[in-house]
Amino acid sequence: MDKALYIESFVRINNHALFYDNKKIALNNFETLEEKLKFLYKNQNIQYPKFYKMDVLSKAGFIAVEYLQAKLEASSNTSLLFANQTASLQTDILYQEGINNRNNYVPSPSLFVYTLPNIVMGEICIKHKLTGENIFLVFEDFNTKLIIENIILQFKLNKADKLVFCWLEVFDNKLDVLNCIISTQKTEKTPLLNHENLNTIYHYGRNN
Amino acid sequence: MNKQVFLQTYNAACALGLNSNNIFAALKQNKTGIKNYSFQFEEEKQIPLGKFPTNSFKQSNEVVDFNALSLHYISQICKESHVDLKNKDNLLILATTKGNIHALHSKPENAPLHKTLQFLETKLKLANKPYIISNACISGMEALIHAHDLVKAGLYKQVVVCAADVLSPFVISGFNVLQAMDYTMCKPYDANRKGVNLGEACAVAIVSEQESEIEILGGNTSNDANHISGPSRDGSGLALAINKTLEQTQVKSIDLINAHGTATLFNDEMECKAFSSLQMQDIPLNSLKAYVGHTLGAAGLLEIILCAEMMKNNLGIQSLQYEENGLSQPLNILEKNLSFPIKTLLKTASGFGGCNAALILQKNG
Amino acid sequence: MEEIIEKLKKDLIEHLNLEDLSPNDIDNEAPLFGDGLGLDSIDALEIIVLLERNYGIKIKDQETGKEAMKSINSLATFIKNNQ
């Protein structure tokens, strides 16, 4: 029998705002993604200087996790499942610019490391001491069927007792992030993980 | 869930040949596919690479067309095995680190990974949306583990896995600036090892309940939670993935280990710590990287396929380029080909982002 | 030498994304790696790129690099001797 799964906590970030726990932090005053993410970092008083070395994809995923109300404890049984449409394309383009011109050939080691989309999971695992399963998926778009199927799979085979799911689409000055903690624990506040609820929180703040 | 899951069929292409039979024939003769090629960094340099045999596949600006390559091998294996991806019980998944990234240079609209998905959907008739696992150098292994899990959980009947990566200036320049490459033949586990030789490959496999000679018992991934581009110093992340797999599969003994063995100072040393911590230092072990190069996202699946061949032939292939132990805790590295019964095999891989993967294969019957 | 140190600190802060630091915050004698400034292996590679791009100095081998990058002082001295 499949265990019922619940959305224990979530954070939604789009270009206009970050939403968490019925709160909203406006981002309209800032133009670029870098500015928005830096503001969110300082706003939460995070104190993690490595943040500034991350690329924009890692910064966004990192911030999303830091705003989660259900805190992540160190564990070897918490899985990470991250997904998006463009993988690390934003940083790929930046890195490519450094090697396009033979007369100005400046490949960057730190940029190159971030041309793998799974690095964001590495950053989060380091900060929160998570040593369990981790997988980065690329879909054509935000697809609740594929997302839920892949989340269920982790629990069905007992690979996790908790899962951090993050849809992390960050490209071309567009911020489209949904971060959830999925668990088998039901409480009053936790909705069931299903297509309807996932879509509701994905569209949360659309018109706010 | 008592389903058994098998490696129904497979094929691969890399520097040693365009099908897995030819590749294994070359391995048996300890032939390497790695050769020196000119590469233009700021100045031109000769670097050892595991490139496909010349002019094997469609290219744009000397880089193999990733989309065409994947399509070719996916179509071929489905046709030959009569696997119909129009059937809603069947799924196609891909594994790659950079896919068609070379397109950034001239046709950037074709570069994104989701464009590869769209390309495949227009060329193949697919009942289910395909997707890509992009998880650094464990991508190929992770895709096969994922396929196993999907079938075991009863979500699909047949999963077609295609793991591929092609050599491009993007990738070669990156490994160069990270100082991770050896400018001579790579030497996994050797005292004089200096880094990787990059390679390219395309590997395909069909995973299903259909009984065949090689059973996939199961696999796991883990994260070191230590550093984003250097492996953990104590090997505990890799050991965790292996332990979880041993627990999950209830396997009591391993006959052969095919490890990641990229020939970097840190990776190989980390592996010896991991294997020693699990009392596995006496199990025959090899790395295939000096034959085919480090094929990145393809590596995990390409090497799993070659492991299946080793098992079918009861032949442990020599870990090429290993002469003098360079590990703080020695492993039982195969210094020449060894014929012996290989019933159970452990495959491992590790990658940037601190990820690790472990998988166990077993001969059926 | 003072000038070299000041410029070097500013270059490092910018190039290595040490955003919350100012040149005054960086101790000239403190180790750059491990404790002290807490740089890592990727930062070391970026410093090699920085030396080539901003100072025209190519580091030939790992030993030279390690010696030069012990502290701000040793790096500034290295720059002075090799420009």
Side-chain angles (χ1 to χ4, degrees), chain A residues 54 58 74 76 79-80 83-89 92-93 95-96 98-100 102 105 107-141 143 145-146 149-150 152-154 156-159 171, chain B residues 1 40-42 94 97-99 101 104-105 108 111-114 116-118 121 128-136 138-139 142 146 149-150 152-155 169-171 173-179 218 220-229 236-237 240 244 248 351-355:
Chain A
M54 296 179 196
S58 290
S76 62
S79 291
L80 270 67
N84 72 11
Q85 183 195 65
T86 51
S88 55
L89 190 62
D92 295 350
I93 290 172
Y95 177 80
Q96 177 74 28
I99 63 170
N100 265 340
R102 199 167 290 169
Y105 185 76
S108 159
S110 56
L111 268 184
F112 185 69
V113 173
Y114 286 99
T115 61
L116 292 167
N118 64 295
I119 299 294
V120 56
M121 295 191 296
E123 296 283 14
I124 290 163
C125 287
I126 291 168
K127 173 112 189 329
H128 298 275
K129 298 271 163 270
L130 304 173
T131 56
E133 303 275 335
N134 46 112
I135 190 164
F136 197 101
L137 302 170
V138 176
F139 298 143
E140 276 173 73
D141 49 32
N143 183 321
K145 172 185 185 283
L146 288 180
E149 198 168 271
N150 278 284
I152 286 175
L153 190 63
Q154 290 282 319
K156 205 162 170 146
L157 294 173
N158 295 314
K159 288 192 164 182
F171 180 68
Chain B
M1 262 174 297
Q40 190 69 42
F41 297 103
E42 271 165 309
L94 280 84
T97 61
K98 297 320 296 168
I101 201 64
L104 276 185
H105 185 69
L113 290 180
H114 68 101
T116 293
L117 292 172
Q118 284 176 6
E121 280 196 284
N128 295 302
K129 289 269 180 196
Y131 52 92
I132 298 174
I133 292 174
S134 190
N135 217 107
I138 73 167
S139 298
E142 190 153 38
H146 195 69
D149 290 354
L150 288 169
K152 188 142 185 124
L155 291 171
F170 187 101
V171 172
S173 64
F175 274 81
N176 185 52
V177 85
L178 287 181
Q179 297 190 5
N220 291 84
T221 64
S222 70
N223 198 289
D224 289 344
N226 178 62
H227 189 276
I228 55 169
S229 65
S236 55
L240 176 65
K244 282 191 173 185
Q248 183 199 324
F352 281 175
C355 52

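Worth saying up front: this structure is predicted, and the values here are computed from it rather than measured. The chains referred to below are lettered A, B, ... by the order of the sequence lines, with proteins before strands, and numbering in each begins at 1.
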Spacing of A:F171 atom CZ and A:N84 atom CG [to the nearest 0.5 Å]
11.0 Å

Determine whether the side chains of B:T221 and A:E133 contain a donor N or O and an acceptor N or O closer than 3.5 Å.
yes

Proximal component of B:I228, with respect to chain A [non-hydrogen, under 4.5 Å]
both

Checking B:N220 against chain A: side chain, backbone, both or neither under 4.5 Å from a heavy atom?
both

Between B:Y131 and B:H146, does any side-chain donor sit less than 3.5 Å from a side-chain acceptor?
yes

Is A:N143 close to chain B through its backbone or its side chain, or both, or neither, when contacts mean heavy atoms under 4.5 Å?
side chain

Would you call A:T131 and B:S222 a side-chain contact if the rule is heavy atoms closer than 4.5 Å?
no

Most heavy-atom pairs under 4.5 Å with chain B, out of A:N150, A:I93, A:I152, A:L146, belong to A:N150

Given a strict heavy-atom distance threshold of 4.5 Å, which part of A:F112 is in contact with chain B: side chain, backbone, both, or neither?
side chain

Gap between atom CG of A:D92 and atom OG1 of A:T86 - 0.5 Å precision:
9.0 Å

Which atoms of A:I135 approach chain B - backbone, side chain, both or neither, heavy atom under 4.5 Å
both

Side chain / backbone / both / neither for B:L150 at chain A, heavy atoms under 4.5 Å
both

What part of A:S88 lies closer than 4.5 angstrom to a heavy atom of chain B: side chain, backbone, both or neither?
side chain

Heavy-atom distance under 4.5 Å to chain B: side chain of A:L80, backbone, both or neither?
neither

Of all heavy-atom pairs between A:K129 and B:A225, which one has the smallest distance, and what is that distance?
NZ-O, 3.6 Å

Would you say the ring centroid of B:F41 lies under 6.0 angstrom from that of A:Y105?
no

So which part of A:E149 gets closer than 4.5 Å to some heavy atom of chain B, the side chain, the backbone, both or neither?
both

Which region of A:L137, side chain (C-beta onward) or backbone (N, CA, C, O), has a non-hydrogen atom less than 4.5 Å from a non-hydrogen atom of chain B, or is it both or neither?
both

Minimal heavy-atom distance between B:V177 and A:S108, with the atoms involved, is CG1-C, 4.2 Å

Where does A:K145 contact chain B at under 4.5 Å (heavy atoms): side chain, backbone, both or neither?
side chain

